[in-house]
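We count ligands from 1, going down the list as the structure has it; atoms in each ligand are counted the same way.
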Amino acid sequence: MAKDVILTGIRANNDLHIGNYFGALLPMVDMAKTRSADYQINLFIPDLHSFTTPIEHDKLQNQIMHNLKLFVAAGLPLDNPNIYIYRQSYIPAHSELTWILDCFTVYGEMSRMTQFKDRSAKLGNERVTVGLFNYPVLMAADILLYGAKYVPVGDDQTQHLEFTRDIAGRLNKQFGELFLLPEPAAKQHEFFGKDQGLRIRDLADPTKKMSKSEESDKGVIFLGDDPDEAAQKVMSATTDSFTDGIKLDMNERAGITNLVQIHDLLKPDEHDQIMAMGSYQDLKTKVAGTVRDFLIGFHDSLKIVDDETILRKLESDETAMSHTADITLLKVQQAVGLRPKT
Ligand code: TYM
């Protein structure tokens with residue numbers, strides 16, 4: 001019997017930051033290391049999503065390769081036949097299914113997507129693209145083509161996952177069982193052993209999530225950052241003026257809570273030690289040291305990643321996944337009348 005699929009995509013429009021790492025890459029790598037005998041693992045680069053906001057296009061090829069290397073440096077095993085890596089644009093079924101799904105998606109539901117509202121408010125009407133508007137539909141196609149059941153994503157993508165369930169349910173209702181629906185958010189969290197979706201905050205402005213699209217990278221720790229500079233970013237993190245010790249409260253004390261959260265993700269066993277720290281300064285010094293050590297280790301792993309092995313795996317995985325995706329696409333094309341039913 002076919003294995004259930006765990007799938008996620010991480011855009012290559014920039015270097016990855018620790019939010020991407022903890023929100024999506026690490027859960028995926030953990031699954032790949034521990035559950036690949038029971039599940040199929042798809043970790044892909046949604047390259048068509050890369051320029052939903054403006055990028056430097058001549059850097060995209062290098063960035064894609066770099067991010068694939070980050071996957072491997074994070075521990076993704078390449079020599080496992082249940083783990084697939086691929087670039088979205090190499091599998092045309094993603095674009096074709098998107099167009100079909102677009103025609104069953106209404107303007108109102110895309111306009112309500114929080115991420116679209118936030119980004120378009122920043123960019124203004126003349127710069128916001130139709131691509132940014134309908135990218136949740138492309139994301140739905142990415143998931144539905146492979147019948148993915150579990151999709152590890154950060155908190156900011158939960159709404160898009162819900163939309164994926166909606167559009168799949170809508171087509172199933174009209175045409176019969178075409179798609180397998182991904183599990184709802186609560187079940188996803190349960191599967192990945194969390195109580196909610198993860199949202200790492202910007203260090204300089206902890207009211208916002210850490211994001212690669214920020215104009216300033218003062219509050220963003222990239223995986224490629226120089227470890228000392230990253231430690232410096234932690235030391236300069238915005239906190240608050242309470243003086244009654246380390247207390248967790250994402251509303252009133254978001255900066256310090258965010259730092260504790262980052263430390264917990266890197267060194268879960270030291271939570272009690274961190275909470276007992278006497279001052280914010282001591283806590284920052286400890287978190288800065290832990291982040292520095294993490295990046296030093298990560299960069300060491302990155303140095304030994306071999307491009308050739310990745311390229312060989314990409315080629316064979318893209319062939320295999322094209323085949324899978326085409327089977328789903330044909331079912332949909334037949335259902336909507338684009339291909340004869342056999
Ligand atoms: P992207 O590339 O913006 O982000 C990649 C992943 O990182 C998570 N993430 C965060 N998690 C915690 N804290 C943060 N501050 C933080 N910032 C980002 C994101 O939630 C995401 O899981 N549309 C997706 C990519 C995508 C995709 C898919 C994901 C395309 N197709 C299909 C899953 C399935 C995106 O833009 O992620």
Could you tell me which atoms of ligand 1, counted from 1 in the order shown, lie closer than 4.0 angstrom to a heavy atom of [X]?
X	value
V153	20 (O), 22 (O), 29 (C), 33 (C)
L198	11 (N), 12 (C), 13 (N)
K212	2 (O)
V151	33 (C), 34 (C)
L7	34 (C)
H49	30 (C), 31 (N)
I143	32 (C), 34 (C)

Common cluster, [X]/[Y], ILVMFWY with side-chain heavy-atom separation under 4.5 Å:
X	Y	answer
L180	L101	no
V5	L76	no
F222	I45	yes

Q.
Checking one residue: L48. Which other hydrophobic residues are in its cluster under the side-chain 4.5 Å linking rule?
A. L138

Q: Write out all pairs satisfying ring-ring contact (aromatic ring centres under 6.0 Å, His included) with one or both partners inside residues 164-197, taking only residues at least two apart or from two chains.
A: Y39-F191, F104-F175, Y150-F191

Q) Under the ring-ring contact (aromatic ring centres under 6.0 Å, His included) criterion, do Y146 and F44 qualify, and how do the steps go? A) CA-CA 12 Å; Y146 306 94; F44 75 100; 7.4 Å; no

Lys/Arg-Asp/Glu bridge criterion (N-O < 4.0 Å) met for [X], [Y]:
X	Y	result
R292	D228	yes
K212	D15	no
D155	K209	no

Q: Any chance you could lay out the ring-ring contact (aromatic ring centres under 6.0 Å, His included) test for F133 and Y107, step after step, and finish with the verdict?
A: CA-CA 9 Å; F133 183 67; Y107 179 81; 5.3 Å; yes

Counting both backbone and side chain atoms, is some N or O of [X] under 3.5 Å from an N or O of ligand 1?
X	result
H160	no
F44	no
I10	no

Heavy atoms only, cut-off 4.0 Å: how does [X] contact ligand 1, side chain, backbone, both, or neither?
X	value
L25	neither
F22	neither
N13	neither
R199	backbone

(Q) For the NZ atom on K218, are there more than 12 heavy atoms of other groups (residues, nucleotides or ligands in this structure) within a distance under 6.0 Å? (A) no

Q. With a 3.5 Å cut-off and no angle check, do the side chains of Q63 and N67 form a donor-acceptor pair?
A. yes

Protein contact of [atom] - nearest heavy atom, named by residue and atom, plus distance:
atom	answer
atom 6 (C) of ligand 1	A24 CB, 3.6 Å
atom 31 (N) of ligand 1	D142 OD2, 2.6 Å
atom 4 (O) of ligand 1	N20 ND2, 3.3 Å
atom 29 (C) of ligand 1	G9 O, 3.3 Å
atom 35 (C) of ligand 1	Q157 NE2, 3.5 Å
atom 11 (N) of ligand 1	G19 O, 3.1 Å
atom 1 (P) of ligand 1	R11 NE, 3.7 Å
atom 20 (O) of ligand 1	D156 OD1, 2.4 Å

Q: Consider ligand 1: state whether an atom of it lies below 4.0 angstrom from any non-hydrogen atom of Q88.
A: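 Distance cut 4.0 Å: Q88 fails for ligand 1.
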
Q: Answer yes or no for R201: is there a heavy-atom contact with ligand 1 below 4.0 Å?
A: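 No heavy atom of R201 comes that close to ligand 1.
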
Q) Parallel, tilted or perpendicular for H94 and Y86, by the 30°/60° rule? A) tilted

Q: I would like to know whether L144 and L178 meet side chain to side chain contact (heavy atoms under 4.5 Å, CB included); could you show each step before the answer?
A: CA-CA 9 Å; L144 298 174; L178 288 178; over 6 Å; no

